[in-house]
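Here the structure comes first, spelled out in structure tokens, and everything after it is commentary.
Bear in mind the structure is a predicted one, so any value in this text is a computation, not a measurement. FYI, side chains are in, hydrogens and waters are out, and symmetry mates aren't considered; it's all heavy atoms of this structure. All residue numbers refer to positions in the sequence shown, counting from 1.
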Amino acid sequence: AGDLVVTGETGIRVKPPERPRDTEGAFGFMQGGVSSERPSESTIRKVAEAIEETQREGGDVMTVVGPALIHSGAREDLARLVREGYVDLLSAGNGFAVHDLERDLFGTSLGMDTEDLDHPRKGHKHHIYTISEVIRAGGVAEAVDAGLIEEGVMYECVTNDVPYVLAGSIRDDGPLPD
């Protein structure tokens with residue numbers, strides 16, 4: 001009750017950038033030099049142009065991300081894009097948010113130090129500790145308000161009033177309250 005739900009025929013328009021496709025099976029995209037895991041400069045340029053065009057036309061830019069963004073070291077870049085107003089909405093899984101928050105609290109993502117790629121002692125517990133701390137605070141926004149979370153993508157969403165949706169799954173170790 002009280003949740004806003006998109007209904008009707010208009011829905012949400014999604015226009016992903018075109019990527020080369022071949023007929024080498026379902027995982028053929030991984031064989032070439034360009035994939036969503038290894039974006040080329042031309043793909044990045046097209047995404048930037050699409051963001052600028054969407055903003056010029058008065059549209060909203062929604063970023064859909066996963067934990068690989070945190071593992072790959074792009075967290076600070078996305079946080080900056082949120083802070084500077086290039087992202088209007090964020091859609092992610094519980095895992096993305098936990099890895100982002102873990103990075104702030106412990107400097108790790110899934111227990112691995114994202115700076116030197118080392119595995120700190122008991123780092124594997126950081127994921128669960130992060131979930132517990134955010135639950136104790138009452139949620140992501142409450143953790144930010146309490147000063148527990150001081151940087152990262154989720155921090156920027158909260159402090160810049162960028163709405164986010166976090167989806168959980170049956171595999172989540174302990175979904176965040178959000």
Side-chain angles (χ1 to χ4, degrees), residues 1-7 11-14 16 35-39 47 51 54 59-178:
D3 286 351
L4 298 177
V5 179
V6 176
T7 60
I12 299 171
R13 185 176 184 190
V14 176
S35 77
S36 58
E37 289 78 23
R38 298 181 307 270
V47 170
I51 290 171
T54 300
D60 289 330
V61 174
M62 179 171 72
T63 303
V64 181
V65 292
L69 186 129
I70 306 301
H71 305 318
S72 69
R75 171 184 183 251
E76 285 72 23
D77 296 315
L78 180 57
R80 182 175 51 82
L81 291 172
V82 172
R83 182 174 51 255
E84 293 180 5
Y86 292 101
V87 174
D88 301 301
L89 311 150
L90 179 103
S91 177
N94 182 70
F96 168 82
V98 174
H99 295 302
D100 177 56
L101 299 166
E102 175 189 340
R103 174 71 174 86
D104 188 36
L105 291 174
F106 299 101
T108 59
S109 178
L110 263 185
M112 183 181 73
D113 187 306
T114 54
E115 294 297 319
D116 61 17
L117 305 181
D118 191 21
H119 293 274
R121 188 170 189 277
K122 297 187 179 183
H124 63 286
K125 295 181 178 184
H126 293 170
H127 188 78
I128 297 299
Y129 291 166
T130 298
I131 293 168
S132 297
E133 289 299 318
V134 174
I135 288 172
R136 190 172 303 136
V140 176
E142 292 83 353
V144 169
D145 292 343
L148 181 67
I149 304 301
E150 298 177 333
E151 63 181 22
V153 178
M154 299 308 299
Y155 171 85
E156 294 298 341
C157 285
V158 170
T159 59
N160 292 287
D161 295 320
V162 171
Y164 57 87
V165 173
L166 302 176
S169 79
I170 193 87
R171 295 178 15 201
D172 284 339
D173 332 350
L176 297 168
D178 303 76

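Closest heavy-atom contact between Gly95 and Pro67: C-CG, 4.1 Å. Between Arg75 and Asp104, the closest heavy-atom pair is NH2-CB, 3.5 Å. When all heavy atoms of Asn94 and Gly168 are compared, the pair lying nearest together is CB-CA, 4.3 Å. Here the closest heavy-atom approach between residue Asp100 and residue Gly152 is recorded as OD1-CA, 3.6 Å. The two residues Ser72 and Leu69 come nearest to each other via the heavy atoms OG-O, 3.1 Å. Among all heavy-atom pairs drawn from His71 and Ser109, the shortest one is ND1-OG, 2.7 Å.
Using a 4.5 Å heavy-atom threshold, the side chains of Thr63 and Ser91 count as separate. Leu105 places none of its side-chain heavy atoms less than 4.5 Å from the side chain of His126. Using a 4.5 Å heavy-atom cutoff, the side chains of Leu166 and Met154 are in contact. Side-chain contact between Glu76 and Arg103 is present, with at least one heavy-atom pair separated by less than 4.5 Å. Phe96 is listed as a side-chain neighbour of Val153, based on a closest heavy-atom distance under 4.5 Å. Contact of the Leu90 side chain with the Met62 side chain is not registered, since no non-hydrogen atoms from C-beta on lie closer than 4.5 Å. At least one side-chain heavy atom of Leu176 sits under 4.5 Å from a side-chain heavy atom of Leu101. Residues Thr54 and Asp60 form no side-chain contact, since every pair of their non-hydrogen atoms from C-beta on lies 4.5 Å or further apart.
Looking at Asp178 and Tyr164, their side chains do bring a donor and an acceptor atom within 3.5 Å of each other.
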Might you work through the side-chain contact (heavy atoms from CB on, under 4.5 Å) test for Val140 and Ile149, ending with a clear yes or no?
CA-CA 8 Å; Val140 176; Ile149 304 301; 5.9 Å; no
Passes side-chain contact (heavy atoms from CB on, under 4.5 Å), Glu156 versus Arg80? Steps please. CA-CA 8 Å; Glu156 294 298 341; Arg80 182 175 51 82; over 6 Å; no
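Considering NE2 of His127 and OG of Ser132, their distance stands at 10.0 Å, rounded to 0.5 Å. Atom-to-atom distance recorded for Phe106:CZ and Glu133:CD is 6.5 Å, nearest 0.5 angstrom.
With hydrogens and angles ignored, the 3.5 Å screen pairs a side-chain donor or acceptor of Asp88 with a backbone N or O of Val61.
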